[in-house]
Amino acid sequence: MHLKTMKCNPFCLIASLEDPDMFNRPEERASFEDLFRAFDQNVTFQFFKSFRRVRINFTNALAAAEARAKLHKSDFNGREVRLYFAQSVHIGSPHLEPPKPDKQFLLSPPPSPPVGWEQAKDATPVINYDLLCAISRLGPGEKYELQPGTPTTPSVVVHVCENDQESSGNEEDMDGGRRPRPKIIQTRRPEYTVTQ
């Protein structure tokens with residue numbers, strides 16, 4: 001949204017008043033209005049107390065110009081009255097426009113992907129068939145060196161685990177020679193206390 005033009009409204013004056021009591025007393029308001037009714041009988045007023053301003057709407061542009069020429073910087077109840085022509089601001093469009101479609105994908109969550117977006121394809125898994133072949137030929141207790149060591153790097157070696165019966169040794173179970181699987185004990189949850 002941008003400002004297109006600012007132009008003066010020849011039918012409207014803005015009065016800047018320093019006296020805050022003028023907005024509260026009806027008799028002072030009436031005497032203020034009488035100053036402008038001398039130029040136009042159908043003049044209307046809008047009082048803006050918090051801004052200490054009065055908008056004066058004339059039916060004739062000539063009457064507004066004459067009132068400004070005679071009453072600008074005049075004295076009213078011991079205070080100076082300043083008069084200005086009201087300015088109207090014209091904006092490009094009276095309605096808000098929706099955002100441009102090329103920026104909508106930045107919203108969270110996006111309504112739709114941006115133009116030209118394509119989903120990335122998953123990479124094919126890398127399978128080292130030489131390593132699988134070498135490990136399948138190994139027996140229990142043997143090892144396979146993947147990468148030989150150098151003076152600055154260690155070597156990488158794969159050791160094949162021994163089978164369960166050999167590793168159990170003399171710890172055979174009474175039920176038939178096989179060692180039972182260890183029971184997994186779950187960790188207890190801490191006691192819940194309500195804090196307020």
Side-chain angles (χ1 to χ4, degrees), residues 1-127 152-153 186-196:
M1 191 179 346
H2 65 284
L3 267 50
K4 280 208 166 181
T5 57
M6 284 183 67
K7 57 183 180 179
C8 288
N9 184 349
F11 293 92
C12 181
L13 292 177
I14 301 293
S16 175
L17 301 170
E18 294 298 323
D19 187 10
D21 294 334
M22 203 273 299
F23 295 94
N24 299 327
R25 297 185 186 152
E27 62 275 357
E28 287 193 22
R29 272 186 167 188
S31 62
F32 179 78
E33 291 175 2
D34 288 341
L35 290 173
F36 296 95
R37 290 197 199 282
F39 299 99
D40 186 357
Q41 285 297 319
N42 298 323
V43 69
T44 59
F45 299 90
Q46 295 168 303
F47 291 88
F48 302 105
K49 180 180 177 181
S50 59
F51 295 109
R52 295 185 181 174
R53 301 282 189 271
V54 180
R55 181 180 170 123
I56 307 152
N57 303 305
F58 291 88
T59 57
N60 184 354
L62 188 60
E66 188 178 352
R68 188 196 183 271
K70 291 189 178 177
L71 298 176
H72 181 60
K73 292 191 177 182
S74 64
D75 183 55
F76 178 74
N77 289 346
R79 306 267 178 138
E80 185 180 65
V81 177
R82 295 182 181 215
L83 296 171
Y84 305 97
F85 282 104
Q87 293 182 344
S88 57
V89 178
H90 295 280
I91 299 172
S93 172
H95 304 289
L96 290 176
E97 296 178 7
K100 302 284 185 215
D102 58 337
K103 297 284 185 185
Q104 286 182 353
F105 69 92
L106 296 176
L107 300 175
S108 177
S112 60
V115 176
W117 181 84
E118 292 181 9
Q119 184 169 352
K121 295 178 180 172
D122 293 337
T124 55
V126 177
I127 300 172
T152 57
T153 61
Q186 293 186 349
T187 306
R188 283 181 46 113
R189 182 180 67 121
E191 294 298 324
Y192 179 71
T193 57
V194 178
T195 57
Q196 293 180 351

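These numbers were taken from a predicted model, which means no experiment stands behind them.
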Nearest 0.5 Å please: distance from the [atom1] atom of [X] over to the [atom2] atom of [Y].
X	Y	atom1	atom2	answer
Asp122	Gln119	CG	CD	7.5 Å
Ser16	Lys73	OG	NZ	11.5 Å
Gln46	Ile14	CD	CD1	8.0 Å

Nearest atoms (heavy-atom pairs only) where [X] meets [Y]:
X	Y	result
Thr59	Phe11	O-CE2, 3.6 Å
Phe39	Ala63	O-CB, 3.6 Å
Asn24	Pro26	O-CD, 3.5 Å
Arg52	Glu18	NH1-O, 4.0 Å

Should [X] and [Y] count as side-chain neighbours, where that means a heavy-atom distance under 4.5 Å?
X	Y	value
Phe23	Val54	yes
Leu71	Phe36	yes
Phe85	Leu13	yes

- Task: For Phe48, look at atom CZ and say whether over 12 heavy atoms of other residues, nucleotides or ligands are found less than 6.0 Å away.
- Result: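 Check passes, neighbour count above 12.
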- salt bridge (charged side-chain N to carboxylate O under 4.0 Å, His left out) partners of Lys70, counting only residues at least two apart: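 With neighbours one apart ignored, the set is Glu66.
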- Task: Just jot down the salt bridge (charged side-chain N to carboxylate O under 4.0 Å, His left out) partners of Arg82, sequence neighbours excluded, or say none.
- Result: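 Per chain and number, Arg82 pairs via salt bridge (charged side-chain N to carboxylate O under 4.0 Å, His left out) with Glu80.
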- Message: Holding to side chain to side chain donor-acceptor pair (under 3.5 Å), I want the full list of residues that pass it with Glu33, two or more places apart in sequence or in another chain.
- Response: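 Only Arg37 meet the side chain to side chain donor-acceptor pair (under 3.5 Å) criterion with Glu33.
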- Item | Test side-chain contact (heavy atoms from CB on, under 4.5 Å) applied to Ile56 and Leu83, step by step | CA-CA 10 Å; Ile56 307 152; Leu83 296 171; 4.2 Å; yes
